[in-house]
Amino acid sequence: MLFHVKMTVKLPVDMDPAQAAKLKADEKELAQRLQREGKWRHLWRIAGHYANYSVFDLGSVEELHDTLMQLPLFPYMDIEVNGLCRHPSSIHQDDR
Ligand SMILES: O=C(O)CC1=CCC(=O)O1
């Protein structure tokens with residue numbers, strides 16, 4: 001199942017810089033593992049925003065929920081999710 005996810009990061013302005021750096025490093029490590037596993041298909045910066053558009057390929061809504069909740073930056077993100085399905089006019093036989 002494909003999910004389009006918008007994540008907007010809102011770190012407190014007074015957060016300790018070392019704590020912020022650790023959260024970002026941990027987030028990067030997990031994001032790159034999930035990409036290598038094929039679960040986090042796309043990760044795009046939204047130009048001009050501390051936010052991203054992502055596409056996840058996961059087995060269920062529950063797996064998406066669990067995946068998002070384990071992100072180190074989860075407590076500091078606004079998250080919007082939309083489920084994706086094939087468009088009848090798409091010329092692509094696969095979903096890439
Ligand atoms: O910077 C972001 O948009 C949040 C984020 C997601 C994966 C990552 O490494 O950072």
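Each ligand, and each atom within it, is numbered from 1 in the order the structure gives.
For ligand 1, the atoms lying closer than 4.0 Å to a non-hydrogen atom of Val9 are 2 (C), 4 (C). Against a heavy-atom cut-off of under 4.0 Å, Ala31 is close to the following atoms of ligand 1: 7 (C), 9 (O). Listed by number with element, the atoms of ligand 1 under 4.0 Å from a non-hydrogen atom of Lys28 are 9 (O).
Look at Arg45 and you'll find a heavy atom under 4.0 Å from some atom of ligand 1.
His4 pairs with exactly one of Tyr53, Phe56, Trp44 by the ring-ring contact (aromatic ring centres under 6.0 Å, His included) rule, that one being Tyr53.
Side chains of Val81 and Lys6 form no contact here, defined as non-hydrogen atoms less than 4.5 Å apart.
A salt bridge is defined here as a Lys NZ or Arg NE, NH1 or NH2 lying under 4.0 Å from an Asp or Glu carboxylate O, and Asp57 with Lys39 fails to meet this definition. One finds a salt bridge joining Arg33 and Glu37 here, because a Lys/Arg side-chain nitrogen approaches an Asp/Glu carboxylate oxygen to under 4.0 Å.
Among the atoms of Lys24, none of the N or O lies under 3.5 angstrom from an N or O of ligand 1.
Under the 3.5 Å distance criterion, the side-chain polar atoms of Glu29 are left unmatched by any main-chain donor or acceptor of Ala25.
In this structure, atom 8 (C) of ligand 1 lies nearest to the protein heavy atom Glu27 CG, 3.4 Å.
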Would Trp40 and Ser54 satisfy side chain to side chain donor-acceptor pair (under 3.5 Å), going step by step from the backbone distance to the final call?
CA-CA 7 Å; Trp40 195 326; Ser54 291; 2.9 Å; yes

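Heavy atoms of Trp44 found under 4.0 angstrom from ligand 1: none, in either backbone or side chain.
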